[in-house]
Colleague: 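Mind having a look at this structure? Questions to follow.
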Amino acid sequence: MKKIYFYNTLTKRKEEFIPLKDDTVGMYVCGITPYDSTHLGHARCYVVFDALRRFLKTVYKVKYVQNFTDIDDKIIAKSRSENVDWKEVSSKFIREYYRDIRRLGVEDADFAPKVSENIPEVIQAVAKLIENGFAYVLDGDVYYRVAKFRNYGRLSGRKTEELLPGARVEPDKRKESSLDFALWKKSVDDEPGWKSPWGRGRPGWHIECSVMSMKFIGETLDIHGGGQDLIFPHHENEIAQSEALTGKIFSRFWLHNGFVTVKNEKMSKSLKNFFRLADVLEKFSPSAIRFYLLSQHYRKPLDFSVSSLEEAEKNVERITRVLEEPAGAVVSKAEKDEADRIYEDFIAALCDDFNTPVAYSHFFSMLKLFNRSRLGYIKGRIEEMDKILNFLNLEKKDKKSPLPESEILRRINQRASARKSGDFGTADRIRDELLKKGIILEDTLRGTKWRVK
RNA sequence: GGUGGCGUACCCAAGUAGCAAGGGAGCGGUCUGCAAAACCGCCAUUCGUCGGUGCAAAUCCGACCGCCACCUCCA
């Protein structure tokens, strides 16, 4: 078995990955806050970690947890502006998330907990942090005492002294330090809230991930993943909370994916340059979108453009077309060896910090090998690769034929007769006519095939 | 201002010391009546610029130029 290496944000280098518990990987990925539509940036994160999960599954069992932060200030704000219950807001966007992300071949998490359904556990954790001196109550709010946690800033490479003066947010004068963050927020008026020892309130932003990952996986995770924008403060704060609670390492590996960018700028609300996944799905096939999202190394930025999606669409079409060819059963040792070698290279690329671009290059080598030999064994190897990449079996571009099939077949028959009698002028005219209407004809050994342009 | 990252062919993109993967586009060939598809071949003496270290650098060091991200909600 090949050794697996991942770049660990915590140590800032590649490290060999071995799960804590012999054969099972505990993996937690920060899910969405369902206050708005899923966009391409989210899609990248979840497709990347889905592929990673599938890759790990070739060697280990994987317990994959991805949460929904379904109570939060942005959700409250949305519920006010839309004049609906906060629960309606979050459930609507959770539904949308599943509807769209599943089309990209993302398997549901083993556990997909919602904060609102884990309030007792949150309260318990907050109470314990107060008890051991890592948190303090301030008029219904509870804050984490950052100064008490020695390793604060290790993940994001920041020092607390540097963070203090640079804080651009208006400091809350009541807090002991501007770095202290809310574990529990007091709810006033009609804000949603739950009864707690500190009064009616709701969880602060970071506590849910600490609580739910530990509940479903355990005190120490093998892998914690998410977008690079979560490194600070979200993941830094998760570490502070969790390790203050357990005294154990919270996550052994921290994996962060790069942003989806538009003209090299991060996709974000304020720049109004974000693309809803649902909208992208209108224009491009799920298969091509997934192919595209995995085409770049996960830690690098991925620039979104129409032409890059079009290229992906073209690639997926070509791959599909090639794999539709019938495959023979007899395989020589030389061919089998070559296919096995390419497959090993493919896996080796993924073992090296999940290098999907290099894995793709081996995928194409295998495709070429299949095209030369047309062997079922090699096709099987390709399908095995796709157990990880998982774009082959997704919906392809829906190409509606501009003409009824019977009409196309009638013209093909006419052309066949013309060709038989050597009337190539007529044959070519028929082919050109169909091409103008968007039908491509291809003469093969097994007769004439047609497809939509 | 602090911290981190990036700059490789027409485009996308691997590679972090030993003669520059892969995909798209383009060009030539094979096949075909001709095409298409597929296959074969070609396509960066060069890796932002300038210096330095090394037998050897896209890869290490230094300076400079350009771009981006985080430090504030964010996948």
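Residue numbering restarts at 1 for every chain, and letters A, B, ... go by the order of the sequence lines. The figures that follow rest on heavy atoms only: side chains count, while hydrogens, waters and symmetry mates do not.
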Colleague: On RNA chain B, compare the nucleotides closest to Gly157(A) and Leu302(A); which residue's is nearer the 5' end?
Modeller: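 Checking each residue's closest nucleotide, the 5'-ward one belongs to Gly157(A).
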Colleague: Check whether any side-chain nitrogen or oxygen of Lys159(A) sits under 4.0 Å from OP1 or OP2 of rC71(B), and answer yes or no.
Modeller: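 Negative; the distance criterion is not met.
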Colleague: Which nucleotide, if any, forms a Watson-Crick or G-U wobble pair with rU3(B), using both distances under 3.5 Å?
Modeller: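 Looking at the geometry, rU3(B) pairs with rA69(B).
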Colleague: Can you tell me the distance, in whole Å, between the CZ atom of Arg451(A) and the P atom of rA35(B)?
Modeller: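 Taking CZ of Arg451(A) and P of rA35(B), I get 17 Å after rounding.
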Colleague: Look at all strands and tell whether Leu441(A) reaches a base, only sugar-phosphate, or nothing, counting heavy atoms closer than 4.0 Å.
Modeller: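 Contact class for Leu441(A): base.
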Colleague: Atom CG of Asn315(A) and atom C1' of rA25(B): how far apart are they, to the nearest Å?
Modeller: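 After rounding, the reported distance stands at 12 Å.
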Colleague: I want to verify a distance call: between rG2(B), rC34(B), rG23(B), whose nearest atom is closest to the Arg158(A) side chain?
Modeller: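 Selected nucleotide (nearest to the side chain): rG2(B).
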Colleague: Is the shortest side-chain N/O distance from Lys449(A) to OP1 or OP2 of rA38(B) below 4.0 Å?
Modeller: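 For rA38(B), OP1/OP2 do not have a side-chain N/O of Lys449(A) under 4.0 Å.
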Colleague: Taking atom C1' of rG2(B) as reference, at what distance in whole Å does atom CZ of Phe232(A) sit?
Modeller: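 In whole Å, rG2(B) C1' and Phe232(A) CZ are 12 Å from each other.
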Colleague: Can you identify which nucleotide, out of rC34(B), rA37(B), rA14(B), has its nearest atom closest to the Arg431(A) side chain?
Modeller: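 My answer, after comparing the listed nucleotides, is rC34(B).
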Colleague: Is the Tyr28(A)-Tyr64(A) ring centre distance short of 6.0 angstrom?
Modeller: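 Aromatic pair excluded; centres sit 6.0 Å or further apart.
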Colleague: Restricting to non-hydrogen atoms, name the atom on Glu236(A) and the atom on Gly153(A) that form the minimum distance, rounded to 0.1 Å.
Modeller: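 For Glu236(A) and Gly153(A), the tightest heavy-atom pair comes out as OE2-N, 2.9 Å.
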Colleague: Check for me whether Arg299(A) meets the cation-pi criterion with Tyr7(A), that is, NZ or CZ under 6.0 Å from the six-membered ring centre and within 45 degrees of the ring axis.
Modeller: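 Positive - Arg299(A) is close enough to the ring of Tyr7(A) and near enough to its axis.
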Colleague: What is the base-pairing partner of rC39(B), counting Watson-Crick and G-U wobble geometry with both distances under 3.5 Å?
Modeller: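 Pairing partner: rG29(B).
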Colleague: With both distances under 3.5 angstrom, what nucleotide forms a Watson-Crick or G-U wobble pair with rU45(B)?
Modeller: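 Check on rU45(B): unpaired, no WC or wobble geometry under 3.5 Å.
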Colleague: Taking the six-membered ring for Trp and the single ring otherwise, decide whether the centroids of Tyr5(A) and Phe17(A) are under 6.0 Å apart.
Modeller: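 Ring-ring flag for Tyr5(A)/Phe17(A): false, centres at least 6.0 Å apart.
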Colleague: Check the distance between rA75(B)'s P and Asn257(A)'s CG and give it to me in whole angstrom.
Modeller: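 Asn257(A) atom CG is separated from rA75(B) atom P by 11 Å.
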Colleague: For a quick test of reading the model: is some side-chain N or O of Arg318(A) closer than 4.0 Å to OP1 or OP2 of rG23(B)?
Modeller: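 Checking Arg318(A) against rG23(B): no side-chain N or O falls below 4.0 Å of OP1 or OP2.
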Colleague: Map His42(A) and Glu265(A) onto RNA chain B by nearest heavy atom, then report which one ends up closer to the 5' terminus.
Modeller: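 With His42(A) and Glu265(A) compared, the 5'-side residue is Glu265(A).
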Colleague: Arg372(A) side chain: which of rA35(B), rG23(B), rC39(B) is closest?
Modeller: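 So the nucleotide nearest the side chain must be rC39(B).
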Colleague: With the 90 degree cut-off around zero defining syn, does rG66(B) come out syn or anti?
Modeller: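 What rG66(B) shows is an anti base, its glycosidic angle lying more than 90° from 0.
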Colleague: Touch check for His39(A), heavy atoms < 4.0 angstrom, all strands: base, sugar-phosphate only, or nothing?
Modeller: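 Here His39(A) touches the bases of the nucleic acid.
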Colleague: Please name the nucleotide paired to rC60(B) by Watson-Crick or G-U wobble geometry with both distances under 3.5 Å, or report none.
Modeller: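 The base-pairing partner of rC60(B), which may sit in any strand shown, is rG52(B).
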Colleague: Checking contacts here: which listed nucleotide (rG33(B), rC70(B), rG22(B)) is nearest the side-chain heavy atoms of Ser361(A)?
Modeller: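 Of rG33(B), rC70(B), rG22(B), rG22(B) is nearest to the side chain of Ser361(A).
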Colleague: Can you tell whether the side chains of Arg451(A) and Glu442(A) come within less than 4.0 Å, N to carboxylate O?
Modeller: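 Glu442(A) and Arg451(A): salt-bridged.
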Colleague: Validate the cation-pi geometry between Arg419(A) and Phe424(A): distance from NZ or CZ to the six-membered ring centre under 6.0 Å, angle to the ring axis within 45°.
Modeller: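 Judged by the rule (NZ or CZ under 6.0 Å from the ring centre, within 45° of its axis), Arg419(A) is not positioned above Phe424(A).
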Colleague: In whole angstrom, what separates His224(A)'s NE2 from rA75(B)'s P?
Modeller: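 Nearest whole value for this atom pair: 12 Å.
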Colleague: Nearest to the side chain of Glu311(A), heavy atoms from C-beta on, is which of rA36(B), rG24(B), rC70(B)?
Modeller: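 Closest nucleotide among those given: rG24(B).
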Colleague: Under 4.0 Å between any heavy atoms, over every strand shown, what does Phe363(A) touch: base, sugar-phosphate, or nothing? Just pick one.
Modeller: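 Nothing: the residue Phe363(A), judged by heavy atoms under 4.0 Å, touches no strand.
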Colleague: Salt bridge or not for Arg381(A) and Asp340(A), using N-O below 4.0 Å?
Modeller: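 The answer is yes: the pair qualifies as a salt bridge.
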Colleague: Under 4.0 angstrom, heavy atoms only, what part of the nucleic acid is Arg415(A) near: base, sugar-phosphate, or nothing?
Modeller: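 Arg415(A): base contact, heavy atoms under 4.0 Å.
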Colleague: Can you tell me the distance, in whole Å, between the CD atom of Gln296(A) and the C1' atom of rA21(B)?
Modeller: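 Distance check: Gln296(A) CD to rA21(B) C1' gives 14 Å.
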Colleague: Indicate, with a heavy-atom threshold strictly under 4.0 Å, whether Gly226(A) touches base, sugar-phosphate, or nothing.
Modeller: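 Sugar-phosphate only.
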Colleague: The side chain of Asp229(A) is closest to which nucleotide in this list: rA75(B), rC34(B), rG23(B)?
Modeller: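 Closest of the options to the side chain of Asp229(A): rA75(B).
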Colleague: Nearest of rG23(B), rG33(B), rA38(B) to any side-chain atom of Asn371(A)?
Modeller: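 Within the option list, the nearest is rA38(B).
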Colleague: With a 4.0 Å cutoff (strictly under), does any side-chain N or O of Asn355(A) reach OP1 or OP2 of rG22(B)?
Modeller: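 Looking at the OP1 and OP2 atoms of rG22(B), neither is under 4.0 Å from any side-chain N or O of Asn355(A).
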Colleague: Take the protein atom CG of Asp443(A) and the nucleotide atom C1' of rA38(B), then report the distance between them rounded to whole Å.
Modeller: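 After rounding, the reported distance stands at 14 Å.
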Colleague: In whole Å, I'd like the distance from the CE atom of Met385(A) to the C1' atom of rG23(B).
Modeller: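 Interatomic distance, CE of Met385(A) to C1' of rG23(B): 15 Å.
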